[in-house]
Amino acid sequence: MNDRFIVVDVETTGHSVAKGDRIIQIGAVIIENGEIVERFASFVNPNVDIPPFIEELTGITNDMVRKAPTFKELCPELLPLFNNVGFIAHNVPFDFSFLKKQFDLEGYQMPKMNCYDTVELSRMLLPKEESYKLGHLAWQLGLSHDRPHQADSDAEVTAELFIHLLNKLEQLPILTLQQLIPIVRHFRSKLEPMISSFIATKLLHGTEDEEKFDCYRQLALKKRKESVEETTSDKPITFKDYRNDLLSEKKGLDEAFKKYEAREGQVEMMDEVDHAFHENEHVLIEAGTGTGKSLAYLLPAAMYAQEVNKPVVISTQTIPLQDQLLQRDLPLLQKLLPFPVTIALLKGRSHYLCLRKFEQALETVADDTYDVRLMKAQILVWLTETDHGDVEELNLSSGNRGFWFDVQSDSRSDLGKNSPWFSRCFYHRARRRARVAHLVVTNHALLLTDLVREQQILPAYSHAVIDEAHHLVEAASDHLGMNTDFVTFSYLLQRIGLDKDYGLFPHFERLINEYKVGSSHLVSEAVSHLQVMKEELDELFRMLNNYVADKNKTVASDVGRISYRYQSFNESGSIWNAILECTMRVHMFMKDITKSLRTIIHQFGEVKDSISYGDQGILTDAERLLEALADEEQTLYELLLEADPDFVYWIEIEPRGAKNATFIYSKPIQVAERLADDFFAKKKSVILTSATLSINGSFDYQLEKLGLFDFGTRVCTIASPFSYQEQAKLLIPTDMPSIKDVSDKQFAMDAAIKVWRIAERKRGKMLVLFTSYEMLKMVYEYIRDLSEMEPMPLIGQGITSGSRAKLIKSFKQAEEAILFGTSSFWEGIDLPGDELTSLVIVRLPFSPPDQPLLQAQLQRAKDEGKNPFMDVSLPQAIIRFKQGFGRLIRTKEDRGCVFVLDRRISTTRYGSGFIKSLPDVPVHEDKLEVLLDLYEDYL
């Protein structure tokens with residue numbers, strides 16, 4: 001094993017030596033015995049011009065390299081550095097091959113070396129990191145990285161990162177290292193000798209693994225203290241008893257918050273929640289931004305739970321809010337309360353790793369793809385760190401979602417107490433914690449599972465708080481709806497038997513021979529049924545794709561798909577008839593497959609006692625996959641061969657995707673009745689809270705959609721502590737064209753000019769919100785052209801690569817930038833202070849009327865004698881508008897302007913509803929240049 005390494009980073013004019021690209025800077029760092037002992041850095045004259053985008057990325061200009069040595073001149077000095085070392089780079093395939101090819105070009109040969117890729121090592125050893133870019137890792141590990149994308153700085157940081165990763169690898173328990181050996185044999189990094197030497201040292205000197213880790217069945221898990229004792233005090237303390245202490249100067253909040261200022265709204269909301277819980281009332285509470293609503297409901301909820309010795313459920317829509325509750329609010333709650341409060345996070349079962357399935361998956365490493373091997377290594381390391389076994393903690397590549405399906409927990413394949421992993425099962429541990437917690441934090445989706453499932457996942461509860469309550473109807477609609485697609489079917493068919501490497505049928509052949517049970521004839525019969533079913537499904541989804549493509553009433557959805565709303569009994573024509581016939585054939589094949597597989601599995605029941613634990617797991621997984629396939633086929637059958645008048649049905653296709661890239665959906669048109677009967681009627685008190693529940697001071701829209709009119713539900717508005725009169729301006733430029741008078745292209749051009757003028761006047765950070773991706777793209781492209789002379793970072797959703805979280809992070813880290821966002825950017829973004837100084841709303845956020853669910857809701861309103869626009873479209877748009885407006889002012893110190901480029905807000909009768917629903921903010925209309933001059937102080 002090497003104990004001497006060279007860490008190299010090269011900056012180049014492009015990606016290909018063969019196409020004339022060359023090195024412009026090289027940085028090298030020598031590591032010996034875990035310490036940096038030597039450095040080398042030099043600019044390199046490439047004898048070609050540096051492209052402008054490389055100059056912008058690296059900061060390296062043609063002037064900087066003009067007098068630098070050429071690579072050929074550096075070769076004699078560089079080559080000796082590569083003798084008897086391991087080669088390290090962040091993305092080793094690029095740096096190593098580029099360097100080797102440039103040496104070859106100059107007539108020199110690089111010696112053979114073991115390579116180590118710090119991207120690969122970071123993915124394995126830092127499984128929870130949200131990004132593996134060098135800049136992010138340096139920031140997370142506190143490493144100084146003053147000049148990103150310059151070779152000397154990047155090489156130095158990569159060296160420090162490698163030392164950190166090496167230390168972490170060495171500290172892993174022996175069991176984990178032993179399990180990694182067969183996996184890392186297939187990696188880019190030559191890790192096997194290194195890991196073997198670590199194991200040998202540990203065996204020689206002994207370890208403390210048993211004290212530090214839970215070592216069981218060849219896996220090392222993080223040791224956890226299981227505390228499931230019920231925490232009850234002799235005399236429960238009520239919120240009313242504790243309220244005065246809480247608000248006194250020497251106790252409670254003042255002590256917990258160093259900069260705490262008593263907020264009237266927060267205390268008012270605490271009283272509301274406590275009163276509702278004791279009086280068994282449902283209440284809607286709109287709490288303005290800055291109220292501190294999380295603590296305002298957590299504190300009385302925890303005290304009520306302790307008082308009655310029953311859990312209170314807290315439900316949110318988004319993971320960031322769950323994280324905030326657990327990481328920021330729980331520690332404050334612990335400081336404030338006179339008893340130890342327990343909070344448990346409980347998610348849907350598929351979020352948790354099944355240790356039995358993972359243990360079995362480790363036996364098939366030789367057949368795995370690179371991505372799956374890397375994920376197995378990730379999980380092995382993660383098991384030494386995780387308390388919860390929740391997939392949200394892991395940074396999975398999109399290609400690994402399939403493997404997660406194989407190892408996630410699920411009820412169908414749960415061996416229960418027969419599993420040796422039962423006491424350590426992450427899902428069952430989460431449920432045990434939830435049973436004895438004061439507060440159980442979950443999401444709307446899991447909260448609503450009780451509506452459609454008989455088996456209760458959450459512990460029995462009668463009191464709940466629903467935060468982000470404006471999403472509850474949408475979540476219920478998703479939960480009560482159905483969907484399917486070809487990819488899901490294909491995956492299940494492969495896993496059951498069509499994949500020779502990963503399918504379960506090859507195992508069945510072995511099991512039949514080993515246990516002398518049944519006949520392999522049944523297996524080949526089932527395989528042939530599966531093959532025919534796959535062909536039929538492929539044909540079915542292709543026909544659906546063609547059917548939608550041929551229809552004229554097609555619209556592009558937000559993800560670029562084309563959608564078509566259908567009613568099975570109203571469609572006609574030979575293609576639709578062929579679709580229905582094909583669906584029936586699939587249904588018949590499913591019956592045949594189920595019969596064959598059930599017969600095979602049933603036969604093993606006769607030798608149940610002699611079947612090994614591993615083989616029992618294979619049979620259980622087969623039953624699970626068969627049930628999953630049957631459920632999927634039943635969904636398909638209901639979507640195409642049945643029709644419920646209270647549901648809307650539609651098909652989406654990828655216009656440029658595969659011919660079977662077809663997705664079928666159904667959702668209930670309204671969920672009020674179902675929520676009323678199956679949820680609110682069964683709970684004593686539910687608090688629904690959000691910053692956006694009312695419209696022009698009225699809660700009627702939400703009460704009707706939630707089905708709460710008949711419950712005597714109380715409503716309450718807690719005003720924001722912010723002074724919007726002083727802190728914000730709503731500015732409406734009058735020199736924008738009216739939407740109905742110009743084409744989308746012309747409107748986008750005008751909007752781009754206005755956005756760029758605002759950006760020029762205020763070189764800070766601006767968020768621009770759109771209602772459609774097409775408009776976003778047009779405005780982005782126009783601004784990119786306008787900004788050529790004075791470049792400013794432009795971050796566009798769907799244009800700049802990366803997830804929503806990564807785009808927001810890039811925006812936060814930039815000194816100045818414009819962030820262009822659609823749907824998901826209207827809420828859930830917290831950008832206080834200088835992180836956001838201007839907000840532009842390009843159009844009022846009306847949903848496109850051709851969205852299938854909205855279409856059905858508008859038709860239903862019309863049938864009921866209501867005004868579809870006033871009763872459906874307008875309230876939805878106002879709620880959305882309030883969400884968008886709320887992005888700007890996040891603290892008492894924030895100041896800024898919201899520009900609305902849609903003249904309808906002031907020229908239509910309904911436009912005033914948007915303004916009246918906002919906090920008391922000054923509104924000004926004038927030409928943009930006048931507004932910019934008048935409100936320079938706010939920009």
Side-chain angles (χ1 to χ4, degrees), residues 5-11 25-31 34-36 39 41 57-59 86-96 115-172 176 180 184 187-191 194 323 327 370-371 374-375 377-382 384-386 392-398 400 793 795 800-814:
F5 303 91
I6 184 166
V7 186
V8 175
D9 187 80
V10 293
E11 302 301 335
Q25 190 189 25
I26 183 165
V29 174
I30 305 290
I31 298 173
E35 289 186 6
I36 294 172
R39 292 173 178 86
L57 178 72
T58 62
F87 185 98
I88 300 164
H90 200 68
N91 188 15
V92 93
F94 173 77
D95 293 86
F96 185 81
C115 287
Y116 302 88
D117 184 1
T118 49
V119 175
E120 183 178 68
L121 283 166
S122 299
R123 289 192 79 89
M124 176 175 87
L125 292 164
L126 306 173
K128 295 181 181 180
E129 283 306 324
E130 64 185 62
S131 166
Y132 295 103
K133 287 184 176 170
L134 191 58
H136 172 83
L137 293 169
W139 176 68
Q140 279 293 91
L141 299 172
L143 308 175
S144 174
H145 192 203
D146 52 350
R147 286 174 293 107
H149 301 296
Q150 290 219 358
D152 53 345
S153 178
D154 283 357
E156 184 82 16
V157 169
T158 304
E160 291 180 42
L161 171 63
F162 180 73
I163 292 167
H164 173 85
L165 293 168
L166 211 57
N167 288 337
K168 180 159 186 186
L169 185 64
E170 191 173 8
Q171 285 161 22
L172 289 173
T176 305
L180 284 172
V184 301
F187 280 9
R188 296 171 192 150
S189 308
K190 193 77 173 169
L191 292 173
M194 190 183 280
D323 292 343
Q327 292 163 23
Y370 173 78
D371 279 346
L374 189 52
M375 186 174 168
Q378 256 187 324
I379 292 176
L380 281 167
V381 175
W382 176 58
T384 66
E385 304 173 357
T386 181
E392 296 293 345
E393 298 171 3
L394 275 173
N395 183 339
L396 297 189
S397 67
S398 54
N400 278 332
I795 302 167
T800 310
S801 63
S803 65
R804 174 179 180 272
K806 283 181 184 171
L807 298 185
I808 293 166
K809 189 165 185 191
S810 303
F811 184 65
K812 284 184 172 186
Q813 288 174 346

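These values consider heavy atoms only, across backbone and side chains, with no hydrogens, waters or symmetry-generated copies.
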At their closest point, which heavy atom of Thr384 faces which heavy atom of Val381, and how far apart are they?
-> OG1-O, 2.5 Å
Does a side-chain heavy-atom distance below 4.5 Å link Phe187 with Leu121?
-> no
Nearest-0.5 Å distance that lies between atom CG in Leu125 and atom CD in Gln171 = 10.5 Å
Distance in Å, Asp117 CG paired with Thr158 OG1, rounded so as to fall on 0.5 Å steps = 10.0 Å
What distance do Asp154 atom CG and Asp95 atom CG have between them, rounded to the nearest 0.5 Å?
-> 9.0 Å
What are the two closest non-hydrogen atoms of Glu120 and Arg188, and how far apart are they?
-> OE2-N, 3.0 Å
Heavy-atom distance under 4.5 Å between the side chains of Leu143 and Leu137, does that happen here?
-> no
Could you check if a side-chain atom of Met124 sits within less than 4.5 angstrom of a side-chain atom of Ser189, using non-hydrogen atoms only?
-> no
Show your reasoning for whether side chain to side chain donor-acceptor pair (under 3.5 Å) applies to His136 and Glu130.
-> CA-CA 9 Å; His136 172 83; Glu130 64 185 62; 4.9 Å; no
Which atom pair, heavy atoms only, marks the closest approach of Ala155 to Val7?
-> O-CG1, 3.5 Å
Contact check, side chains of Tyr116 and Leu191, non-hydrogen atoms, under 4.5 Å = yes
With the side chain counted from C-beta on, respond yes when Met375 and Asp371 share a heavy-atom pair under 4.5 Å apart, and no when they do not.
-> no
Going through the checks in order, is the side-chain contact (heavy atoms from CB on, under 4.5 Å) test met by Phe811 and Leu807?
-> CA-CA 6 Å; Phe811 184 65; Leu807 298 185; over 6 Å; no
To the nearest 0.5 angstrom, please state how far the CD1 atom of Ile36 sits from the CD1 atom of Ile31.
-> 6.0 Å
Heavy atoms, side chains only, cut-off 4.5 Å: are Val29 and Glu160 in contact?
-> no
Is a side-chain donor-acceptor pair under 3.5 Å present for Glu393 with Thr386?
-> yes
Hey, are the side chains of Ser122 and Leu161 touching, using non-hydrogen atoms and a 4.5 Å cut-off?
-> yes
Output for pair (Glu129 CD, Asn395 CG), nearest 0.5 Å, gives 8.5 Å
Looking only at atom types and distance, does a side-chain atom of Gln25 sit under 3.5 Å from a main-chain N or O of Ala151, one as donor and one as acceptor?
-> yes
Within the distance-only criterion (no hydrogens, no angle test), does the side chain of His90 pair as donor or acceptor with the backbone N or O of Asp9 below 3.5 angstrom?
-> no
Taking atom NZ of Lys190 as the centre, does the number of heavy atoms from other residues, nucleotides or ligands within less than 6.0 Å exceed 12?
-> no
State the CG-NZ distance between Asn91 and Lys133, to the nearest 0.5 angstrom.
-> 12.5 Å
With a 4.5 Å heavy-atom cut-off, do Phe96 and Val8 have their side chains touching?
-> no
